[in-house]
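Remarks on the structure that follows.
Keep in mind that this is a model prediction, so the values were computed, not measured. Residue numbers count from 1 along this sequence.
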Amino acid sequence: MNKRIFLGIFLLTSIFYYVLPLTFLKFYNGTTDKAGFILILAYGFFSFSITVLISYFMERTIFTPLLSSMLALPLFFIFNSSALVIILIIIVFSFLGYFLTALLK
């Protein structure tokens, strides 16, 4: 894994895992149960799309979903113990995206 792949994964995960969901929470005025459901769907989609983009267009290594999952661990500091569900969803969809690109390539 070279520096370009690592930088791409780091930038995509920092934008899609931290910047977009936190700005959504800041400007969302609805109920918290809808916000939580939207965030769970968004994290599933973001983890899948990051892994597919990196694995399909740049380089397909097993470190892509692993690094994407490891970069999601600071969510424990933001969402406390409820981040366990989000991190499990990120792990599942990251590996699902990796195996899908393995089938496509």
To the closest 0.5 Å, what do you measure between [atom1] ([X]) and [atom2] ([Y])?
X	Y	atom1	atom2	result
I40	S82	CD1	OG	8.5 Å
Y98	I54	OH	CD1	13.5 Å
F95	T64	CZ	OG1	10.0 Å

Please write out which residues are connected to [X] in a hydrophobic cluster, directly or through intermediates, given that two of Ile, Leu, Val, Met, Phe, Trp, Tyr count as joined at side-chain heavy-atom separations below 4.5 angstrom.
X	value
L103	none
F37	L41
V19	none

Please give me the minimum heavy-atom distance between [X] and [Y], naming the atom from each residue.
X	Y	answer
F48	L96	CE1-C, 4.2 Å
P65	T61	CD-O, 3.7 Å
I91	S69	CG1-OG, 3.4 Å

Under 3.5 Å, side-chain donor or acceptor atoms of residues 6-18 against the rest of the protein: list the pairs with distances, not counting sequence neighbours.
| from | atom 1 | to | atom 2 | distance (Å) |
| --- | --- | --- | --- | --- |
| T13 | OG1 | I9 | O | 2.7 |
| T13 | OG1 | F10 | O | 3.1 |
| S14 | OG | F10 | O | 3.0 |
| S14 | OG | L11 | O | 3.0 |
| Y17 | OH | S68 | OG | 2.8 |
| Y18 | OH | L71 | O | 2.6 |

- Item | S47 side-chain N/O to G44 backbone N/O, donor-acceptor pair under 3.5 Å |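 Yes; at least one donor-acceptor contact below 3.5 Å.
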- Query: With sequence neighbours excluded, what pairs up with T31 under the side chain to side chain donor-acceptor pair (under 3.5 Å) test?
  - Reply: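 Once residues adjacent in sequence are excluded, the partners of T31 under the side chain to side chain donor-acceptor pair (under 3.5 Å) criterion are D33.
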- Using ring pair (Phe, Tyr, Trp, His ring centres under 6.0 Å) as the criterion, list what pairs up with Y28, not counting sequence neighbours.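 By the ring pair (Phe, Tyr, Trp, His ring centres under 6.0 Å) rule, Y28 matches F24.
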